[in-house]
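Each remark here refers to the structure printed beneath this line.
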Protein chains: 2
Amino acid sequence: MEKEGSAGKNAVAGGAGAIPALDTKDLQILRLLQENARITVREIASQVHLSTTPVHERIKRMEETGVIRQYVTLVDHAKVKKGLMVICYVSLKQHNKQSGAQFIRAIDAMEEVIECYNISGEFDFMLKVAVENMDAYYHFHVHKLSEIEDIGHLQSVFVMGIIKQTHQLVY
Amino acid sequence: MEKEGSAGKNAVAGGAGAIPALDTKDLQILRLLQENARITVREIASQVHLSTTPVHERIKRMEETGVIRQYVTLVDHAKVKKGLMVICYVSLKQHNKQSGAQFIRAIDAMEEVIECYNISGEFDFMLKVAVENMDAYYHFHVHKLSEIEDIGHLQSVFVMGIIKQTHQLVY
DNA sequence: ACTGAAAGACACAGACT
DNA sequence: AGTCTGTGTCTTTCAGT
């Protein structure tokens, strides 16, 4: 059920420089870190029944292998004047490399856009936009988004309520 | 342009127990914490040209007033077998309190759903779902989502590429 | 791969400006 | 509202199992 022989970590992995698979302890550590990035190594150690050294080494390894991407601080949207969230769909007029690259560059430079995905369906991109209020969104829509070259259709969906928001991928 | 008199913090705020407005130093601290939740107070202090005490106090105050919501660790989706992301739109057959509450309870219990919003437009909810692969999504769609009572229409949009993803709200 | 100990860095509280 | 200083706790490394 939780057997971990000396070969446990590397047995599963694929090719040459493959990343060692995560074992039960690693996942326990990730679970704690996901909920609170500022938890101390000591606290983790006591909860997973290990001393600080292996916990420290495991965290470092997960940072180096990219399992742990970043430690971030989540801020209350409304309290930093970003209380309005809008989902925005964009299609481009042309689907060549140049148009796409140009669009991506423009999006990257817009701090209102907090997420952007390439999606299936009738639209090409989905954007998540965070702004202070409707006026700010109108300004963004008309004077920033629409100004990008080769923009085809635009469609906005407004977020009226947040039901659930989690960053917990590991359970 | 960056004047901060003794009344600076409280002058703007609204009612009685109102949260003091964030000043330039607070925003600088937030900027650093957003990028790296594990940054030390000392490091922040040196970057914002303050000693550790006021930085420590400011962080504590922002935690207490809810400006800082949580410190989280972001994990590589693919490396924890959650490499497929799907945006899923849901409409309910009935729009009474009971149906809504029941849906929300069901969604909350599903670990595949990492975000859920109440939205404007033809659908009622937008879900962001993270699963390992298409098989896992099919199973989720057919055996979990569709099983919720009063579910009307369902529409899935697949994320083919991540262009941008940030948690930086404060600039 | 883990434990335990030990050095250095840090957080946090106090006295003071 | 800030600096400086001290104490206790934490991170991080090293020797040993």
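Chain identifiers are assigned alphabetically (A, B, ...) following the order of the sequence lines, protein sequences preceding nucleic acid strands; residue numbering begins at 1 within each chain.
Rounded to an integer number of Å, the gap from NZ of B:K60 to P of D:dA1 is 15 Å. D:dA1 atom P lies 13 Å from atom CD1 of B:I29, rounded to whole Å. When rounded to the nearest whole Å, the span between CD of A:E43 and P of C:dA11 equals 17 Å. The separation between A:R38 atom CZ and D:dC10 atom C1' is 13 Å, rounded to whole Å. A straight line from OH of A:Y71 to C1' of D:dT11 spans 13 Å, rounded to a whole angstrom. The CG atom of A:N36 sits 14 Å away from the P atom of D:dC10 (whole-angstrom rounding). Here the C1' atom of nucleotide D:dT11 and the CG atom of A:L33 are 14 Å apart, to the nearest Å. Regarding A:I59, its CD1 atom lies at a distance of 13 Å from the P atom of D:dT13, rounded to whole Å.
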Output one line per pair: protein atom, nucleotide atom from nucleotides 14-17 of chain C, and distance, for all N/O pairs under 3.5 Å.
none

Pairs: protein N or O with nucleotides 6-10 of chain C N or O, under 3.5 Å:
{"from": "C:dC10", "atom 1": "OP2", "to": "B:R42", "atom 2": "NE", "distance (Å)": "3.3"}

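Counting only N and O atoms by type, the side chains of A:Q34 and A:Y171 include no donor and acceptor under 3.5 Å apart. Side-chain polar atoms of A:Q47 and A:E43 form a donor-acceptor pair below 3.5 angstrom.
Between A:E115 and the options B:Q165, B:K128, B:K164, a side-chain hydrogen bond (donor to acceptor under 3.5 Å, both in side chains) holds for only B:K128.
For A:E149, the CD atom counts as loosely surrounded, since its 6.0 Å shell holds 12 or fewer non-hydrogen atoms of other residues, nucleotides or ligands. Within a 6.0 Å sphere centred on CD of B:E147, heavy atoms belonging to other residues, nucleotides or ligands number more than 12. Under a cut-off of 6.0 angstrom, the local environment of NE2 in B:H153 is sparse, with at most 12 non-hydrogen atoms contributed by other residues, nucleotides or ligands.
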Using ring-ring contact (aromatic ring centres under 6.0 Å, His included), reason through A:F103 and A:F125 one step at a time and then give a plain yes or no.
CA-CA 10 Å; A:F103 175 76; A:F125 299 97; 4.3 Å; yes
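Look at A:H56 and you'll find a side-chain N or O under 4.0 angstrom from OP1 or OP2 of D:dT12. Dashed line: the shortest gap from a side-chain N or O of A:R58 to OP1 or OP2 of C:dC2 is under 4.0 Å.
A residue-by-residue look at A:E57 and B:I39 shows that A:E57 has its nearest nucleotide of DNA chain C further toward the 5' end.
Taking all atoms of both residues into account, the shortest heavy-atom contact from A:T65 to B:K79 is O-NZ, 3.0 Å. Shortest non-hydrogen contact noted between A:T52 and A:V41 is O-CG1, 3.7 Å.
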